[in-house]
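Every chain is numbered from 1, with letters handed out A, B, ... down the list of sequences. Keep in mind that this is a model prediction, so the values were computed, not measured.
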Amino acid sequence: MALKASDNPNLAHDFDDEDGPLTFKRYTSSKKKQLHSQLTKSTSPSSNGQPSSNHKGNTVPSAVGNSKASTSLANSNSPKPVLDQKIPIHIKGETKSIKHSTKDSEDEDHNKPFSARLKVNSNNDNKSTPVVVKKSYEDSNDDGAMPLSAKLFRNSNARASCGNYDDSDVKKPISKVQKERQNGSSASNKHEKPSTLLAKRPIDNSNSMHTSVKKLKVSDPAGSIKTEQVSMKCEPKVDDDDDGIPISQRIKKPLTSPDKSSSVNRKLTMSADKSSSMKNSLTKVTKVNKAGKTSFKKQPQKLKKSGKGSDYSKSTKLLPSSGDGQKKWTTLVHNGVIFPPPYQTHGVKILYKGKPVDLTPEQEEVATMYAVMRDTEYMQKDKFKENFWNDWRKLLGRNHVIHNLKDCDFTPIYDWYQSEKEKKKQMTTEEKKALKEEKMKQEEKYMWAIVDGVKEKVGNFRVEPPGLFRGRGEHPKMGKLKRRICPGDIVINIGKDAPIPECPILGERWKEIRHDNTVTWLAYWSDPINPKLFKYVFLAASSSLKGQSDKEKYEKARMLKDYIANIRAAYTKDFTNKDITKQQIAVATYLIDKLALRAGNEKDDDEADTVGCCTLKVENVTREAPNKLKFNFLGKDSIKYENTVEVELPVYNAILKFQKEKRPGDDLFDMLDTSKLNAHLKELMPGLTAKVFRTFNASITLDDMLNKGTKGGDVGENIVVYQKANKQVAIICNHQRSVSKSHSAQMLRLNEKIDGLKAVLKELKTDLDRAKKGKSPLKSSDGKAKRNLNPKALEKKISQTNAKIEKMQRDMKTKDDLKTVALGTSKINYLDPRITVAWCKRHEVPIEKIFNKSLLAKFSWAMDVDPDFRF
DNA sequence: CTCCGGACTTGCAAATACTTTG
DNA sequence: CAAAGTATTTGCAAGTCCGGAG
């Protein structure tokens with residue numbers, strides 16, 4: 001039976017419940033120790049503001065249990081559930097969201113290079129990204145020069161003051177306000193049960209080892225395991241003279257319109273915060289600062305008690321940081337990686353100067369890779385062809401009949417490939433299903449790893465197949481052959497006691513076996529295109545290990561909220577610093593804060609030429625008097641960033657100075673690089689780096705927009721509010737997507753539909769007029785007679801049609817607005833899921849409407865956040 | 001310091017799965 | 001039911017940041 005099951009795709013069900021989206025996972029041993037690490041490693045992200053439940057619980061996960069688990073896995077690829085602690089929660093699978101429909105007219109675009117398209121978009125279309133960023137500032141002319149999140153931030157201040165303080169808070173020394181403000185992460189603990197992790201964990205672990213398949217019911221409170229979190233609060237202290245006046249002014253100004261909804265929430269939040277403060281934990285003092293002026297103190301944070309029940313069942317709680325020095329796991333069992341099948345020759349010949357040419361399988365394989373890319377934009381790029389030719393020529397050998405690429409005709413292979421594709425498409429669903437099952441069966445054993453006794457999904461267990469390198473933008477290496485990876489290229493990382501995965505290719509062996517528990521990768525090989533880089537095999541996003549660090553990331557970003565006022569004050573002051581390095585740091589930090597730019601590491605010549613903040617070139621920034629800066633550069637993935645913003649005058653002048661006497665291609669911030677910048681940031685807040693600003697900006701924007709924008713409408717309306725906020729974040733972060741090939745056609749079609757409805761409308765009106773006069777309706781266009789309706793019915797129909805038309809037009813507009821905006825990236829990487837979950841709870845929006853299955857699994861650690869949680 | 005190996009997150013697009021529509 | 005769309009998943013490239021060696 002077991003065997004049978006494992007062969008069967010259905011078998012997967014066994015796993016299914018286990019890795020269902022909302023699950024309970026065990027706590028990692030390493031997590032328990034973090035206290036220690038926090039104390040030791042002040043800079044570690046996790047170490048700060050992390051919930052920690054350390055005290056007493058140092059129970060070590062017993063190796064015994066783990067080894068047992070591993071054994072079972074090793075001995076039988078049995079899919080048998082190894083994890084017991086995961087609690088499945090029923091989730092409605094359908095995560096549907098909103099859709100837009102439409103079409104429009106701009107087809108030619110897809111033939112252009114991506115960058116070109118973007119350019120077109122941004123130039124012609126005000127709705128598109130770059131410009132939009134600008135839009136975000138429009139609503140607040142008064143503070144156009146204010147950092148992106150400043151406006152939001154002030155709101156949070158406002159919120160804070162609703163609770164216990166009056167507006168004057170804002171004027172209080174920042175440190176005071178901050179001190180009074182509770183640290184957020186505690187909110188999420190509200191729901192937790194008293195039982196602490198510490199106490200529980202060991203038990204759970206052992207359970208997992210011995211009891212194998214028990215699943216806890218979500219609904220069973222007793223069964224659910226809660227974790228407590230303790231977050232620490234940071235209380236930055238600032239030197240009085242350091243307090244930038246400008247900043248405080250900016251912050252004050254804002255209080256303009258506190259949103260009602262937020263004030264209500266605020267109260268809840270505050271009280272939650274209060275209650276939370278009680279158990280505490282560690283106090284840490286970090287001394288920071290330049291000039292020895294500022295010192296930040298951390299305060300203990302507390303656990304929260306769980307409040308009223310939420311509609312969501314509780315799920316996993318992650319432990320605080322992954323401290324323990326460096327230790328990421330105690331036991332690790334997995335089956336290695338799976339290789340792509342060997343090349344199957346097809347024997348289709350290419351033509352050289354019109355004549356068929358014989359190729360060896362190796363030569364044919366590479367020729368096929370090329371042939372198959374005929375319809376891509378790479379074929380228009382000389383660099384791609386050149387690189388391909390250079391690598392392929394090597395395979396062809398010295399005196400091969402083929403002497404140049406130009407005379408090669410790959411059409412036969414291309415056609416063969418197309419027909420193969422067609423064949424596949426024509427297969428019956430049955431056949432397809434069978435094929436899929438077969439594949440599943442082969443891969444199933446590689447899909448899972450057992451980490452500290454808990455079964456976790458592996459992210460990418462498939463070794464990358466050979467192919468032609470598809471670098472983005474103008475990558476110097478595009479088209480190069482990415483050779484096949486063999487076991488001899490692969491380094492495996494696995495627990496000491498775990499069986500070493502059998503090498504799947506006969507007669508070969510792994511390059512190396514390691515037992516390094518300070519890292520999370522299960523395997524890696526070096527990138528054949530750039531041997532300096534590695535390709536890693538990690539656990540999936542839904543794993544506890546990933547969830548852990550995800551949470552730490554958001555906690556760090558939240559911590560920034562407490563420091564941001566001081567940081568702004570500090571850099572504002574330095575806008576005019578005589579020390580040019582400091583001045584550049586100040587301006588760069590300002591840009592990162594205001595525009596959510598990436599840090600901008602240096603790049604090699606053999607990479608696409610893109611920039612981030614520190615690597616901006618003089619030519620990327622154009623001044624527009626009196627105080628605007630126009631940015632235009634290619635950022636990550638060669639995505640164009642185009643944005644014109646108003647900046648504070650000192651910034652404008654500083655840029656002027658940095659540009660002076662430099663050539664267009666020179667570095668704008670010539671005294672700066674990311675390590676200097678980050679080193680500086682770290683002095684301002686422990687663990688602070690440039691990327692934290694992006695997370696911070698994104699999440700606080702979401703939090704703010706949700707709370708301001710939600711008016712208590714129905715679910716549908718609320719979802720629109722969410723999407724709007726999501727879109728705003730995507731715009732801030734410049735998350736773009738290429739316009740789909742069929743976009744214009746879709747818009748066109750929608751227009752036709754609307755026109756059709758309009759025609760109907762007209763006809764209805766005519767009928768109405770006639771009906772009022774007692775005449776029967778005219779015949780419809782197809783000549784048939786229509787039913788004779790009374791005026792009332794006709795009026796109703798008219799208004800219905802009108803509504804339909806309006807809705808369609810709205811949808812169309814939305815669709816067009818979003819055609820170049822990618823919402824997914826921010827959802828996955830930048831928006832603290834607790835904001836979303838808490839908001840959903842508050843407004844009774846089913847979380848499945850916002851998060852799909854993967855997201856639910858990835859964010860399982862955030863599911864039981866307190867409804868009052870605010871970023 | 002700087003350089004660079006190393007590890008991990010972020011990001012877009014292609015492939016695939018699933019839904020709606022005609 | 002196929003075509004048309006949309007949503008989700010997968011693939012893998014491209015960033016960030018850290019820390020150790022020189």
Side-chain angles (χ1 to χ4, degrees), chain A residues 41 43-45 93-103 114 118 326 328 375-377 421 424-425 429 432 436 459-465 467 469-473 475 477-478 482 491 493 516 518-521 524 526-527 529-536 538-541 545-546 549-550 553 598-604 607-608 610-615 635-639 673-679 681-682 687-692 694-695 698 730 733-738 740-743 745-746 749-750 753 815 822-826 828-830 851-855:
Chain A
K41 251 190 125 177
T43 51
S44 132
E94 18 146 28
T95 310
K96 229 327 131 46
S97 13
I98 319 170
K99 31 186 71 172
H100 348 281
S101 31
T102 337
K103 80 196 349 152
F114 187 56
L118 293 173
Q326 301 296 319
K328 301 284 179 34
D375 298 329
T376 70
E377 285 177 5
K421 242 168 49 178
K424 229 180 233 165
K425 234 165 76 184
T429 25
K432 286 182 192 162
K436 222 173 100 186
N460 53 326
F461 49 87
R462 296 176 193 93
V463 170
E464 292 176 19
F469 178 68
R470 294 153 102 106
R472 296 162 189 264
H475 196 117
K477 294 191 171 184
M478 64 171 77
K482 195 170 70 161
V491 177
N493 189 36
D516 183 352
T518 67
V519 295
T520 66
W521 52 267
Y524 81 77
S526 67
D527 180 5
I529 293 296
N530 184 348
K532 286 186 298 220
L533 304 181
F534 307 113
K535 298 285 199 174
Y536 292 92
F538 290 117
L539 292 175
L545 225 44
K546 292 284 194 194
S549 61
D550 212 26
K553 171 182 76 185
R598 295 188 184 82
N601 282 310
E602 308 285 340
K603 298 189 76 183
D604 280 348
E607 296 177 273
T610 62
V611 304
C613 185
C614 293
T615 41
K636 182 178 179 180
D637 292 306
S638 294
I639 295 296
D673 63 38
T674 53
S675 66
K676 282 181 194 133
L677 178 66
N678 283 334
L681 293 177
K682 261 179 200 68
L688 185 61
T689 63
K691 82 194 265 277
V692 179
R694 290 193 112 216
T695 312
C733 293
N734 202 34
H735 289 145
Q736 301 193 8
R737 60 175 183 165
S738 49
S740 99
K741 286 179 188 141
S742 55
H743 180 82
Q746 288 168 22
R749 193 164 321 193
L750 279 183
K753 267 191 190 168
K815 180 171 182 145
L823 301 183
T825 306
S826 50
I828 295 172
N829 300 301
Y830 288 102
F851 289 157
N852 62 34
K853 209 172 119 202
S854 307
L855 256 16

Using whole Å, what does the distance between atom [atom2] of nucleotide [N] and atom [atom1] of [X] come to?
X        : N      : atom1 : atom2 : result
A:His743 : C:dT6  : NE2   : C1'   : 14 Å
A:Arg694 : C:dC17 : CZ    : C1'   : 15 Å
A:Ile639 : B:dT10 : CD1   : P     : 17 Å
A:Leu750 : B:dT20 : CG    : P     : 16 Å
A:His735 : B:dG11 : NE2   : P     : 4 Å
A:Asp375 : B:dA13 : CG    : C1'   : 16 Å

Base, sugar-phosphate, or nothing for A:Lys477, non-hydrogen atoms under 4.0 angstrom?
nothing

Using a heavy-atom cut-off of 4.0 Å across all strands, would you classify A:Lys436 as base, sugar-phosphate, or nothing?
sugar-phosphate

Listed by chain and number, what are the side chain to side chain donor-acceptor pair (under 3.5 Å) partners of A:Asn530, not counting sequence neighbours?
none

Around atom NZ of A:Lys424, are there more than 12 heavy atoms of other residues, nucleotides or ligands at under 6.0 Å?
no

Looking only at the side chains, is there a donor atom on one of A:Thr674 and A:Asn601 sitting less than 3.5 Å from an acceptor on the other?
yes

Scan side-chain atoms only and decide if A:Thr695 and A:Lys553 contain a donor-acceptor pair under the 3.5 Å cut-off.
no

Can you give one letter per nucleotide of nucleotides 1-7 of chain B, going 5' to 3': B for a protein heavy atom under 4.0 Å from the base, S for sugar-phosphate only, - for none?
-S--SSB

Tabulated below should be each protein N or O lying under 3.5 Å from an N or O of nucleotides 12-14 of chain C; please produce it.
unit_1, atom_1, unit_2, atom_2, d
C:dA13, OP1, A:Lys482, NZ, 3.1
C:dA13, OP2, A:Lys535, NZ, 2.4
C:dA14, OP1, A:Arg472, N, 2.7
C:dA14, OP1, A:His475, ND1, 3.3
C:dA14, OP2, A:His475, ND1, 3.4

